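What follows is a short report on a single structure.
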Amino acid sequence: GDSVTQMEGPVTLSEEAFLTINCTYTATGYPSLFWYVQYPGEGLQLLLKATKADDKGSNKGFEATYRKETTSFHLEKGSVQVSDSAVYFCALSKDFDQGGSEKLVFGKGMKLTVNP
Amino acid sequence: GAGVSQSPRYKVAKRGQDVALRCDPISGHVSLFWYQQALGQGPEFLTYFQNEAQLDKSGLPSDRFFAERPEGSVSTLKIQRTQQEDSAVYLCASSLAPGTYEQYFGPGTRLTVT
């Protein structure tokens, strides 16, 4: 079945450091790809998405590019802040016309701590 | 506006008891999903509703798990004869309609089976 593999951490960085969180996927067809984030004490929320190959999702200084040739969707940020401390989840979903129900398939998540 | 709400936020059940978990999606959202998140893991899909129709229940782990959304809004996840392995956070998410790609998650219900 479809699956997502991501860096698990935990990872601790200093403020203004560069961040990369690797994510690769296994899926038939053409899934949509997502990064969700869970801040301490809050629910999961969508950070960014890409729905087709070569699309780049971006939000709050984070970016990820849908690479079909490497089945990857790595998350990057050039300069992290203390407020970026959270758990990050990579996920995929498939539309109904691909036999999916738009359910999300998640990776295990990676906890990031950013120190001042 | 109001987001997705879930109740109770915490539930402790003795092994063998039945529990019911409630989800109030964002008003007007057609799609509703339930996920189970074990400690230290990513959420795993349980079931999906489009309005009142349960279109996918492939993730329900056993016939002890049952979900309904009778009027196409509020949903209830029921677990019968709870077991220790049912201990997890149960997340509900809703989205406006199929194809809109963004799911809005509730805070979850943490179920502990003793």
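All values derive from a computational prediction rather than experimental measurement. First the proteins, then the strands, lettered A, B, ... as listed; each starts at 1.
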Find the distance between CG (Leu55(B)) and CD (Glu102(A)) and round it off to the nearest 0.5 Å. 11.0 Å
Only one of Phe45(B), Tyr48(B), Trp34(B) clears side chain to side chain contact (heavy atoms under 4.5 Å, CB included) with Lys103(A); which? Phe45(B)
Test item: Gln103(B) and Leu104(A) side chains (from C-beta on) under 4.5 Å apart, heavy atoms: yes
Between Phe106(A) and Leu48(A), is there shared hydrophobic-cluster membership here, with clusters defined by ILVMFWY side-chain heavy atoms closer than 4.5 Å? no
Would the number of heavy atoms belonging to other residues, nucleotides or ligands and lying under 6.0 Å from CD of Glu15(A) be above 12? yes
Answer yes if the ring centres of Phe105(B) and Tyr36(A) are under 6.0 angstrom apart, and no otherwise. yes
Chain A contact via Ser95(B) - which portion, at a heavy-atom distance below 4.5 Å: neither
Do you know the tightest heavy-atom contact between Phe89(A) and Gly42(B)? CE2-CA, 3.6 Å
For Phe33(B), is it the side chain, the backbone, both, or neither that has a heavy atom closer than 4.5 Å to a heavy atom of chain A? side chain
Quick one: do Leu75(A) and Tyr25(A) end up in the same hydrophobic cluster if we chain Ile, Leu, Val, Met, Phe, Trp and Tyr together by side-chain heavy atoms under 4.5 Å apart? yes
Membership question, hydrophobic clusters at under 4.5 Å side-chain separation (ILVMFWY): are Leu112(A) and Met7(A) in the same one? yes
More than 12 heavy atoms of other residues, nucleotides or ligands under 6.0 Å from CD of Glu71(B): yes or no? no
Within a 6.0 Å radius of atom CZ on Arg15(B), are there more than 12 heavy atoms belonging to other residues, nucleotides or ligands? no
